[in-house]
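Below: the structure, in C-alpha cells.
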2 protein chains.
Amino acid sequence: MSSIREVARRSGVSVATVSRVFNTPEVVSQQTRQLVLDVAAEIGYLPNESARTLATKKSNMVGLVWDTDHRRPGWRHPFLQDILVALKSALSAHGLHLLMLAPDQSPGQSRFLRAVQRHNVDGVVIIDNGSRDPAVLALADAGVPCVALDLRFTGPACTYITSDNAGGGRLAAQHLIERGHRRIATITGPLPTYPAVERLEGFCQVLSEAGLELAGSPAGDWYLESGYTAMKELLSTDPRPTAVFAAGDEMAVGALRAADEAGLRVPADVAIVGFDDIEVAALIPPGLTTVAQDKTGIGTAAAESIMSMLTDATTPLAPIILPTSLIIRGSS
Amino acid sequence: MSSIREVARRSGVSVATVSRVFNTPEVVSQQTRQLVLDVAAEIGYLPNESARTLATKKSNMVGLVWDTDHRRPGWRHPFLQDILVALKSALSAHGLHLLMLAPDQSPGQSRFLRAVQRHNVDGVVIIDNGSRDPAVLALADAGVPCVALDLRFTGPACTYITSDNAGGGRLAAQHLIERGHRRIATITGPLPTYPAVERLEGFCQVLSEAGLELAGSPAGDWYLESGYTAMKELLSTDPRPTAVFAAGDEMAVGALRAADEAGLRVPADVAIVGFDDIEVAALIPPGLTTVAQDKTGIGTAAAESIMSMLTDATTPLAPIILPTSLIIRGSS
DNA sequence: TACGGTCTTGAAACCGGTTACATAGGGGCG
DNA sequence: CGCCCCTATGTAACCGGTTTCAAGACCGTA
C-alpha cells in the first residue's frame, strides 16, 4: 500500500510537503505541487483516513443515531428513506460520510457517547421516536454537535429540525372549516410527544378562533390500528363529527377503513385529513388529503446544520422549523 | 483524553499489557487483568478506533453502497428500512458499524473503491438498482468482500442475497390457476433486470405446465404509473384477462387503479396479484394479494454473509436464495 | 544443580498521517 | 551592502494503538 512517505521519496520532497499538497495546496509552489500530484496519481496514492483522523481528531464522519432496537420493535420512521437520501447527498457533496452508530456493547447511559468517542465522529444526527433516551441525551451533555429530527433537543452544541407542526394543524383546521364543516374532531398522536401536542394546539387554535369546539379528540399512537379504533369511537357519538383530522397518515388510513366499514362515504359523509404525506396517502382511494412535511428539506437542513456546527462549534444554532403544506386529495 | 499509555502508567504496567487486556485477555494473568480493567473503568478509557484501524488495517466497519444519486433520481428500494434495521442490528451484535459510503469526489471507475480503501472498510453491502455500475464492479475486482442484494454479483470474495424470484412467480401462477382463472396476463418489470426475468420465467413455467398461454405481458418499470398504463393496455384487449400478475406491488397498485377506473370490480371481474409485500399492500382496499419477500431475512443474511467473509475470506460463499410466500388478501 | 518449557510481561518498532518549529533562499528597502 | 520579511521546504515529534521479539520468573525433571 502506498503511503505518504513513498510519495515523498519518489518525488524527492519531504512528507510534510506531500501532506501540504493535499491539505493546504496554496502554500506549496506550483511546480512542486504538480510534481507531487503526478507522482501520487501514478502510484495511486490515497491518504489513509484513519491516520488522518488519529492526527487531527476529525474523522469526516457524521454519526447517525437511529434507534431501532429497543422500544416498540418495529417502529418505522414514516419517511426515513427520503431523509436519508437528502442527508446523505448533502453530506457527500462536502466529503462527509455517514456512520450508522451501533450503540456500544456494554450498557449504560453512554452507549452512544462511547461509540462517538471511539470513532472520533465529528457530529451526530439523531432520528428518534420522540421520547428522550438518556443515552441520547448524554451526547448533548458531552458537547457533541448534535442535530435532532422531530425532537426538541437542546444543549450547548445542539439544535433540531422539525416541521411546523402547529402550522400544519392550523392548515388542516382552516381547510375543514372552509369546506363548511362545523362538527370537527381529531385523532391525536401520543400526547406527551411534541409533534402530537403541537399539531393539536394549532388545530384547536383555529377552531376556537372560528368559535368551534372540538367534537372529540381520542388519542392514538401513530399506528394504523389506533386510528381505526379512535375513528370507531368517534363515529359512535351522536351527532357524529362530519370531519376528522388524524394527526398522522397511518392513523388516517385506519380512520378511512373504519369509515368504510361503517358504511360511510368519504368525503360525502365524513371528511378525513391526515398529516405527513406518506407514500400511501396518494395511493389509497379516494386519495388522502394531508398536511405534507418537507422530507427532503428536513434531510438537507439536517446536513447543513451539522456542517455549520462543524465549521463553527461556538455560535449556537437556531432550530429550523420547516413549513408544511396542505395537499388536497379526495378524502375532504 | 485518556490514552492507553495513561492507563499503563496508572496501573504500573506496560502499554503492551494494557493492549492485551482488551484484545487477548486470556494471555494476561488474572490479577493484572483486573487491575487494568479497574483503572480503565475509573478514568473512562476507551480504545481509539482510528489508532486501532491504523495498526491492524481492520476498521470494524462495513460499507453500505447505496446508490442514491445518479440514475432515476428518486428511486426507492421498496423496503430499504426493513433491510437496514435487520442489517444494522445483526452487525451491531458483533460490534460492527455500518458506514454509508459517499462515493469519492473525483469521478472515475473507482469512486467507491477509493472510499473503501481510504477508510479501511472491511467489507461492503451493495444495495443497487439491478443494473451494473462499473464503479461498483470495481469493488469486486479489487477483492473487497462484497454482498449484493437483488443483484447477481460474483467475484473472488463476492456473493449475493436474493429472494426466490422464480419460485415467487410460480406461487403467483399456481394461486391464480387454483382460483380457476384461464386467461391470465402479467405485467413484468424492466426486462434486462434479473428479478423481472426470473419472476416472469417462474410464472410462465407453471402456466405452460397447466397448458395455458400468457394473455399478454406488457413491461413496466416497477413504478405505479407503468402498472397503470400496462393494465389499461391489458384491459383493452378482447377478451380481456381475468387475472393479472404484476411483478411488483407498486405496479399492482397502479393496476388496481386502472381496473377501478374501468369500472371493474376486483377480484370479481379481474384478480390482481403483486410481488414484494410493501406496506401499502395491506392498507389498500381490497387488500393486495402478493408474493412476500422476507425483508428481515434478507438483511440478516446479508449481515451473516459479510461477517463470514470477514472471518474467512478464502472460501467462496454460495449465494443465498430466500423463499417467498404468498399472502392472500382481497384482490384475488 | 542444571536444563528446558510455560507463563507473563516489557521494550521498541511500526501503522500513516499532521504540524510546530527551524531553516534556507530571494526580494525590497534604507 | 546589510537587514528584514516572506515564501517554500524540511526535520522531527506526535496522535494512540498493535505486535514482534526478548527476557525474567517459576515449574518440574533428570
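Chain naming here is simple, since letters A, B, ... match the order of the sequence lines and numbering starts at 1 in each.
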Rounded to the nearest 0.5 Å, how far apart are CG of B/L113 and CZ of B/R118?
12.0 Å
In this structure, CG of A/L84 is separated from CE of A/M100 (nearest 0.5 Å) by 6.5 Å
For [X], answer base if it contacts any base atom (sugar-phosphate contacts may also be present), sugar-phosphate if it contacts only those atoms, and nothing otherwise; contact means non-hydrogen atoms under 4.0 Å.
X	value
B/Y45	sugar-phosphate
A/S19	base
B/V13	sugar-phosphate

Note, B/K58 side chain near B/N120 side chain (heavy atom, < 4.5 Å)
no
Does any part of the side chain of A/W66, heavy atoms only, come nearer than 4.5 Å to the side chain of B/Q81, both counted from C-beta?
yes
N or O in side chain of [X] less than 4.0 angstrom from [N] OP1/OP2:
X	N	result
B/K57	C/dG16	yes
B/N48	D/dC15	no
B/S29	C/dT9	yes
A/S3	C/dG16	no
B/T17	C/dG10	yes

Side-chain donor or acceptor of A/H77 paired with backbone N/O of A/F79 under 3.5 Å
yes
Contact string for nucleotides 21-28 of chain D, one letter per nucleotide 5' to 3', B = base within protein heavy-atom range under 4.0 Å, S = sugar-phosphate only, - = neither, reads --------
Any chance the rings of A/Y45 and A/F22 have centres within less than 6.0 Å?
yes
List in chain and number order the residues that pass side chain to side chain donor-acceptor pair (under 3.5 Å) with B/R52, two or more places apart in sequence or in another chain; answer none if no residue qualifies.
B/N23
Using a cut-off of strictly less than 4.0 Å between a heavy atom of the residue and any atom of DNA chain D, enumerate the qualifying residues of residues 31-41 of chain A by number.
A/T32
